[in-house]
Amino acid sequence: MTFTEHTPLDHFNSSSDFWMPGFFPCSNGCGRAYHTYATMSRHVRLDCGSERKFQCNQCQKYFKRKYHLKRHYTTHSTKPLKSD
């Protein structure tokens with residue numbers, strides 16, 4: 001029995017230009033692909049082609065998701081980190 005090394009491109013069937021089962025390319029054609037249909041759908045719904053509409057009021061940086069902005073606010077925190 002012989003084992004071969006596989007690369008991510010092994011899953012791509014270049015002769016037919018279709019992804020093999022288990023890989024879902026972005027339906028908007030941005031070039032990204034996902035292992036599950038649900039993940040690809042979330043990408044299309046929330047990220048692909050959407051503008052960054054949440055802005056930090058301290059550094060003016062923009063984010064696509066409100067959660068990412070909230071997480072970013074911790075970088076501006078003046079509270080010292082606790083150390084044990």
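What you are looking at is a predicted structure, and each value in this text was computed from that prediction instead of being measured.
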>> Checking Lys64 against Leu46 for the side chain to side chain contact (heavy atoms under 4.5 Å, CB included) test, could you report, in this order, the C-alpha distance in whole Å, the side-chain angles of both residues, the deciding distance, and whether it holds?
In response: CA-CA 8 Å; Lys64 288 184 178 182; Leu46 298 175; over 6 Å; no

In Å, rounded to the nearest 0.5 Å, how long is the span from [atom1] of [X] to [atom2] of [Y]?
{"X": "Met40", "Y": "Cys26", "atom1": "CE", "atom2": "SG", "result": "7.0 Å"}
{"X": "Leu69", "Y": "Lys53", "atom1": "CG", "atom2": "NZ", "result": "12.5 Å"}
{"X": "Phe24", "Y": "Tyr34", "atom1": "CZ", "atom2": "OH", "result": "13.0 Å"}
{"X": "Tyr37", "Y": "Ser27", "atom1": "OH", "atom2": "OG", "result": "7.0 Å"}

Would you say the side chain of [Y] lies within less than 4.5 Å of the side chain of [X], judging by non-hydrogen atoms?
{"X": "Phe23", "Y": "His35", "result": "yes"}
{"X": "Gln55", "Y": "Gln60", "result": "yes"}
{"X": "His43", "Y": "Cys30", "result": "yes"}
{"X": "Lys70", "Y": "Lys66", "result": "yes"}

>> Are there over 12 heavy-atom neighbours, none belonging to Tyr62, within less than 6.0 Å of that residue's OH?
In response: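 No, OH of Tyr62 has 12 or fewer neighbouring heavy atoms, counting only those of other groups under 6.0 Å.
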
> Just wondering, are more than 12 heavy atoms of other shown residues or ligands nearer than 6.0 Å to CZ in Arg65?
Replying inline: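 Atom CZ in Arg65 is crowded, with more than 12 foreign heavy atoms closer than 6.0 Å.
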
>> Taking ring-ring contact (aromatic ring centres under 6.0 Å, His included) as the definition, give me every residue that meets it alongside Phe63, ordered by chain and number, with sequence neighbours left out.
In response: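 Phe63 satisfies ring-ring contact (aromatic ring centres under 6.0 Å, His included) with His72 once adjacent residues are dropped.
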
> With the threshold set at 4.0 Å, does a side-chain nitrogen-carboxylate oxygen contact exist between Arg32 and Asp47?
Replying inline: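 Looking at Asp47 together with Arg32, the answer is no, because their closest N to O distance does not fall below 4.0 Å.
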
> Residues two or more places apart in sequence or in another chain: which of them pass salt bridge (Lys or Arg N to Asp or Glu O under 4.0 Å) with Arg42?
Replying inline: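 Not a single residue meets the salt bridge (Lys or Arg N to Asp or Glu O under 4.0 Å) criterion with Arg42.
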
